[in-house]
Amino acid sequence: MSTVPTGTAAGTVRAPTVLAGRGLSKRFGDLQVLTEVDFSVGAGEAVGIVGPNGAGKTTLLNVLSGSQRPSAGRIEFNDQDITGLRPELRCRRGIGRAFQVPKPFTGMTVLENVLVGASYGAGLGRQAAYRRCVEVLETCGLAGLANRRADSLGLLHRKRLELARSLATAPQVLLLDEIGGGLTDAEADELVATIKLVSEQGTSIVWIEHIVHVLIQVVDRLVCMDAGRVIADGPPGTVLSDAVVVDAYLGRAGS
Amino acid sequence: MSITAPTPPAAGHAWTISRSDRTTRAASAGLVVLGLLLFAVPFGFRTNVVQQLTSLFILLILAVMWNALAGYGGMVSVGQQAFIGFGAYTTIFLTQHGVTTYLAVALAPVASGVLAVALAPLVLRLRGGQFAVGTWVVAEALALLVALDKGLGGGTGASLRGLSGIEPDLRRAFTYWLTLAFMLSLLVAVVVLLRHRTGIALQAIRDDEDAAASLGVRTAPLKFGLYVLAGIGCGAAGALTLANSLFIQPQSIFGVQWTAYMLFMVLVGGLGTFEGPVIGAVLYFALQNQFAEQGAWYLIGLGAIAVAFALFLPRGLWSLASDRLNLRLLPVGYNLLHRTGRSAGSSAQAPDGGTSSRGESTS
Ligand SMILES: Nc1ncnc2c1ncn2[C@@H]1O[C@H](COP(=O)(O)OP(=O)(O)OP(=O)(O)O)[C@@H](O)[C@H]1O
Ligand SMILES: [Mg+2]
């Protein structure tokens, strides 16, 4: 797998595109949530998505991961059209996903939760799946809680489990949705280190996060969405100083 | 950060995953021996006992099948009596067409499986409450169809023929052996499912279908398979009920009271555990023998107990043993063990090797 190009500014060679949405629109009844969104992530690239509440960030992830069908547009993964592919098959091909509101399997242990991803998403045999689970549980700081039922976990650990499970599927692209909310500084640092590690191993990352200062420690590129459209896309520094972005998001969020 | 200690310093070989320990090995061996010994019961006990045990095993089949469906697959069916009735009436139908009685009893579950295959595209499209109601409607429709069929005895019922040549004691023993064989096969089938990765996939579907799909689990074929297995099991229970009682009526064999029994057994014993429904079946069997004379009050009592359990002990009696004592009888779970903690008595203590982490690690 190719390594991350450190600068994605115009002129530098971009890594080949892994996952792309072209002209994606999504409407729920009369509500237009996505309007002709073009979005792509390259091999080994880490992209952050920011934008105000209700901008359509989670919906974009839903459409990319297959949880929802776009009303228009197409999705390509490694140059193949996957617009009609079911979510479980997208996962098996290499699109991992962590939900904004954690969805642990509450009746199962933490280990069993992760094992589902390793056995099915990554398609590993028993012993290999076990090894993968141990690895991922350690990476995410969950090894000591592995035999606990997932319904006994607090929010912090539920979010970690969400990350661990999607990592266990051995994704080529990892879609993360606000896994960093409500963390202390130390916890955020640890999360950043974990995601950086995953990124350095060659996995492409798409990370939605409101806490911009955490996000920019990891991402090579930043996308800002507002009202269902991409309003800025480029190197984090450029995007964050963009007047439109400041107005749409940062100004309103008051940070 | 808030989780102290649990993360070991270096990566690698500090942890292993194990599925069995001394308890599960001993218990599994004990259960196998018990299962085999049960075949000898007709040689040593009175016919009455044999017939009672046959009823118990039928209840056990029902409890285990309903638990597989609802407790592992998340499909809360209120209509498994469709398969119970279908199994029984298929047996009647086959014997009317020249099939030997016990062969008919053995074939009826297969026919019930075929019925499940046929119904699956219809009912598996439904979710939650719709699924529950849908399955019930199917059962009622089947009952009506059978009641209208004069050839099958209509509403008055039908008797199982072809057994008059066999001496009663021997007949009861045959029925007992057949029931025991079915019960053990179905129990083994569930254990095999749970040992296989399918077990965690099914539970994942039960807990959150979207999350399961996003982790690569193909939900539709697994739900289909489980629904068919439960159809086969409940069909067997129906055919065996007929063989045990020799007479059936459509209202009772297709009656919703079967679902009430299954719910009771599984909820009281422990939904989504292997041991729970077995305990529930034994308990229900004892209650039935004590209180069945009380008629309506008996059913009201059952309902009250089931509701009390659902409210106050939602994971059933077995959760008392499994949570407090960390007891597991069968090697169907997964334990992450720390190398160092392993030899320190792995059976009944906290299996995570990091006992200290339990109390401190809430966020
Ligand atoms: N299933 C749905 N049906 C109807 N409307 C929906 C649905 N899902 C999302 N929406 C609406 O679409 C809009 C975008 O939602 P989305 O969850 O994508 O926003 P978001 O950018 O992720 O916001 P947040 O930062 O709060 O997570 C919102 O107005 C939301 O109410
Ligand atoms: Mg969102």
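All chains are named by letter (A, B, ...) in the order of the sequence lines, taking the proteins before the strands, and each is independently numbered beginning at 1. Keep in mind that this is a model prediction, so the values were computed, not measured.
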* Keeping the roles fixed (side chain from D208(B), backbone from F105(A)), state whether a donor-acceptor pair exists under 3.5 Å. => no
* Asked: Considering all heavy atoms of both residues, which atom of V217(B) and which atom of E88(A) are nearest to each other, and what is their separation?
  -> O-CB, 3.4 Å
* Asked: Just by modelled atom types, is the S214(B) backbone N or O under 3.5 Å from a matching donor or acceptor in the R97(A) side chain?
  -> no
* Asked: Of the backbone (N, CA, C, O) and the side chain (C-beta and beyond), which part of S67(A) lies under 4.5 Å from a heavy atom of chain B, both, or neither?
  -> neither
* Asked: So how far is it from Q203(B) CD to N113(A) CG, rounded to the nearest 0.5 Å?
  -> 10.0 Å
* Taking all atoms of both residues into account, what is the closest heavy-atom pair of E112(A) and G333(B), and its distance? -> OE2-CA, 4.1 Å
* To do: Would you name the heavy atoms of A204(B) and M108(A) that are closest together and state the gap between them?
  => N-SD, 3.6 Å
* Check each of L142(A), V114(A), T109(A), L137(A) against L336(B) using the side-chain contact (heavy atoms from CB on, under 4.5 Å) test, and report the only one that passes. => L137(A)
* Structure fact -> Answer key: most heavy-atom pairs under 4.5 Å with chain B among G107(A), A98(A), A122(A) is G107(A)
* Closest heavy-atom pair and its distance - A213(B), C91(A) -> O-CB, 4.3 Å
* Against chain B, label R126(A) side chain, backbone, both or neither, depending on which of its atoms sit under 4.5 Å from a heavy atom there. => side chain
* To do: Answer with side chain, backbone, both or neither: which region of L111(A) has an atom nearer than 4.5 Å to a non-hydrogen atom of chain B?
  => side chain
* Structure fact -> To the nearest 0.5 Å, atom CG of D207(B) lies from atom OG1 of T106(A) at 4.0 Å
* To do: Could you tell me which portion of R149(A) (side chain, backbone, both or neither) has an atom closer than 4.5 angstrom to a non-hydrogen atom of chain B?
  => side chain
* Between L115(A), D185(A), I95(A), which shows the greatest number of heavy-atom pairs under 4.5 Å with chain B? -> L115(A)
* Asked: Would the number of heavy atoms belonging to other residues, nucleotides or ligands and lying under 6.0 Å from CZ of R125(B) be above 12?
  -> no
* To do: Indicate the atoms forming the closest heavy-atom contact of F99(A) with D210(B), along with that distance.
  => CZ-O, 4.3 Å
* **Closest contact, heavy atoms only, R218(B) versus L89(A)** => CD-CD2, 4.4 Å
* Given that the side chain runs from C-beta out, which part of T198(B) has a heavy atom under 4.5 Å from chain A: side chain, backbone, both or neither? -> both
* Under 4.5 Å between any side-chain heavy atoms of Y130(A) and I17(B), yes or no? -> yes
* Can you tell me if CZ on F28(A) sees more than 12 non-hydrogen neighbours from other groups inside 6.0 Å? -> yes
* How long is the gap from CG on L337(B) to CG on N147(A), to the nearest 0.5 Å? -> 7.0 Å
* Toward chain B, the part of S65(A) with a non-hydrogen atom under 4.5 Å -> neither
